[in-house]
Number of protein chains: 2
Amino acid sequence: MAEEFEKILEKFKDTLKANNLKYTKQREAIVSFIYNNKGHFTPEEINDALKEKHKDMKIGIATIYRTLALLEESGMATSISFDAQGKKYEFGLKKHHDHIVCSKCGLIKEFYDETIEQKQNEIAKKLNFILEDHHMKLIGICETCQKKRGKN
Amino acid sequence: MAEEFEKILEKFKDTLKANNLKYTKQREAIVSFIYNNKGHFTPEEINDALKEKHKDMKIGIATIYRTLALLEESGMATSISFDAQGKKYEFGLKKHHDHIVCSKCGLIKEFYDETIEQKQNEIAKKLNFILEDHHMKLIGICETCQKKRGKN
DNA sequence: CTGACTGCAAAATCTTTGCAAAGAC
DNA sequence: GTCTTTGCAAAGATTTTGCAGTCAG
């Protein structure tokens, strides 16, 4: 696992170098945070977490946005808005997966289904699209919220 | 088709009545626009279109937002953000469907696939969620953009 | 009439940008 | 040294809210 992160970092450095960009503490911290906290964050959450974690390092929300945009452009992270209002994104370095979100508590779980992936390809072909990517989000009520129903 | 719209309007009026809300020109115009222009709009696009279409009627962006929220709450319309940055929503009164979006020109096509729908139910069950809804978005390059590749 | 609705403009959010200082190479 | 990055604060963009007048029931 540790070596996987090394590979990620290498790829990140290569991308930077290839584009005449610089490797900075802040950028490393952001990539590292995203990698090590596989989850779903808003830019602000990342900002707060890094401020907390690296008290010595200066970090600003603008840098988060800029780095996130950079990562997304280079395909190393993806953003998905889970809620039209809430503006919650996912930035992840993981391999492909889809999401199911609890409409009560916001819990997000991930899954992967081969059948669906194949079907998606068929559909794209039928509609004459070259498929590049996809996002799927299921919305439901999670186990916990089913039990304590009546609340929220 | 015309009678379908009548039914929609009836349902809308019923919902309003049931909640002690009023049936106004503005609300009708918005519902009507959404119904008759089955497509994908930003609130601002709806606002502009209505200003253009009903020059006599006053309409403000706040009303659009308020009505859209109302429609969404009552399940008569849904919003999906197609782009984390772009904040583009869909508000539709149609029956369920999913989307494929062209990454070059933004063209949106719709589709429906029974196999995927079934799989989604299975997945939700396996993860102990009660499935309520889902959104799926495929991203690719449409036929037109494939032909004029090199551009953007 | 009464209470909900509307437009407007101001406020609240969220994201991007300009700029001078700091840092990577 | 040179050119990119950074943080900050200001600017933009998007969405929500407060309010007094207007309108539906």
Side-chain angles (χ1 to χ4, degrees), chain A residues 9 12-31 33 40-52 54-74 77 79-91, chain B residues 9-10 12-31 33 40-48 50-52 54-74 77 79-91:
Chain A
L9 259 194
F12 181 46
K13 286 184 191 172
D14 287 350
T15 306
L16 291 176
K17 208 170 292 178
N19 290 284
N20 254 58
L21 302 175
K22 298 180 191 233
Y23 183 69
T24 65
K25 287 197 276 312
Q26 286 85 350
R27 285 178 179 168
E28 175 179 332
I30 294 169
V31 169
F33 179 81
H40 312 86
F41 314 96
T42 60
E44 208 169 1
E45 282 166 356
I46 298 176
N47 188 39
D48 292 348
L50 290 185
K51 275 208 164 87
E52 179 61 31
H54 305 271
K55 297 218 163 110
D56 49 320
M57 182 182 73
K58 285 224 168 194
I59 187 81
I61 189 73
T63 299
I64 307 288
Y65 277 104
R66 285 185 284 226
T67 302
L68 253 20
L70 182 68
L71 287 170
E72 198 166 8
E73 252 182 273
S74 65
S79 72
I80 301 171
S81 87
F82 280 100
D83 184 351
Q85 313 299 309
K87 278 141 199 158
K88 199 167 185 182
Y89 304 81
E90 165 197 66
F91 288 95
Chain B
L9 259 194
E10 277 318 309
F12 182 45
K13 286 184 191 173
D14 287 351
T15 306
L16 290 176
K17 208 170 293 177
N19 290 284
N20 252 58
L21 303 174
K22 303 191 181 211
Y23 183 69
T24 65
K25 287 197 277 315
Q26 285 85 350
R27 285 177 178 169
E28 175 179 333
I30 294 170
V31 170
F33 178 81
H40 311 85
F41 314 97
T42 60
E44 206 169 319
E45 280 166 356
I46 299 176
N47 188 41
D48 293 348
L50 290 185
K51 274 208 165 87
E52 180 61 31
H54 305 272
K55 298 218 163 110
D56 50 319
M57 182 183 74
K58 285 225 169 196
I59 186 80
I61 189 72
T63 299
I64 308 288
Y65 277 103
R66 284 185 284 227
T67 303
L68 253 20
L70 182 67
L71 287 170
E72 199 167 6
E73 250 183 275
S74 65
S79 72
I80 301 171
S81 88
F82 279 102
D83 184 353
Q85 313 300 308
K87 279 141 198 161
K88 199 167 185 183
Y89 304 80
E90 164 194 66
F91 288 94

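Below, read A as the first sequence line, B as the second, and so on, with proteins coming before strands; counting in each chain starts at 1. Every value quoted in this text rests on a predicted model; they were computed, and no experiment measured them.
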Short heteroatom pairs, N/O only, protein and nucleotides 17-21 of chain C, under 3.5 Å:
none

Atom-pair distance (CG on B/N47; P on D/dT15), nearest Å: 12 Å
Separation of C/dC14 P from A/I46 CD1 (nearest whole Å): 15 Å
Any residue meeting side chain to side chain contact (heavy atoms under 4.5 Å, CB included) with B/N19, in chain and number order, not counting sequence neighbours: B/T15, B/L21
Length of the NZ-P vector between A/K13 and C/dA24, whole Å: 13 Å
From CA spacing to verdict: side-chain contact (heavy atoms from CB on, under 4.5 Å), B/L70, B/L16: CA-CA 9 Å; B/L70 182 67; B/L16 290 176; 4.0 Å; yes
Distance, nearest 0.5 Å, that separates CG of A/D48 from OG1 of A/T42: 7.5 Å
Contacts of B/A62 that satisfy side chain to side chain contact (heavy atoms under 4.5 Å, CB included) - sequence neighbours left out: B/R66
Spacing between A/E73 atom CD and C/dT16 atom P, to the nearest angstrom: 12 Å
Distance below 4.0 Å between A/Y65 side-chain N/O and C/dT15 OP1 or OP2: yes
Nucleotide D/dA20, atom C1' - distance to NZ of B/K58 in whole Å: 14 Å
Sugar-phosphate, base or nothing in reach of A/I59, heavy atoms under 4.0 Å: sugar-phosphate
Spatial distance of atom NZ (B/K25) from atom CZ (B/R27) [nearest 0.5 Å]: 12.5 Å
Nearest-Å distance for atom pair CD/C1', residues A/E44 and C/dC14: 9 Å
Length of the CG-P vector between A/L70 and C/dT15, whole Å: 17 Å
With sequence neighbours excluded, residues passing side chain to side chain contact (heavy atoms under 4.5 Å, CB included) with A/K13: A/E10, A/Y23
Side chain to side chain contact (heavy atoms under 4.5 Å, CB included) partners of B/K51, counting only residues at least two apart: B/N47, B/I59
Where at least one partner belongs to residues 54-65 of chain B, residue pairs that pass salt bridge (charged side-chain N to carboxylate O under 4.0 Å, His left out), sequence neighbours excluded: B/E52-B/K55
Residue-level proximity of residues 16-28 of chain A to DNA chain D when a heavy atom falls under 4.0 Å: A/N20, A/L21, A/K22, A/T24, A/Q26, A/R27
Over all atoms of both residues, closest heavy-atom pair of A/P43 and A/I64: O-CG2, 3.6 Å
Length of the CG-C1' vector between B/L68 and D/dT14, whole Å: 14 Å
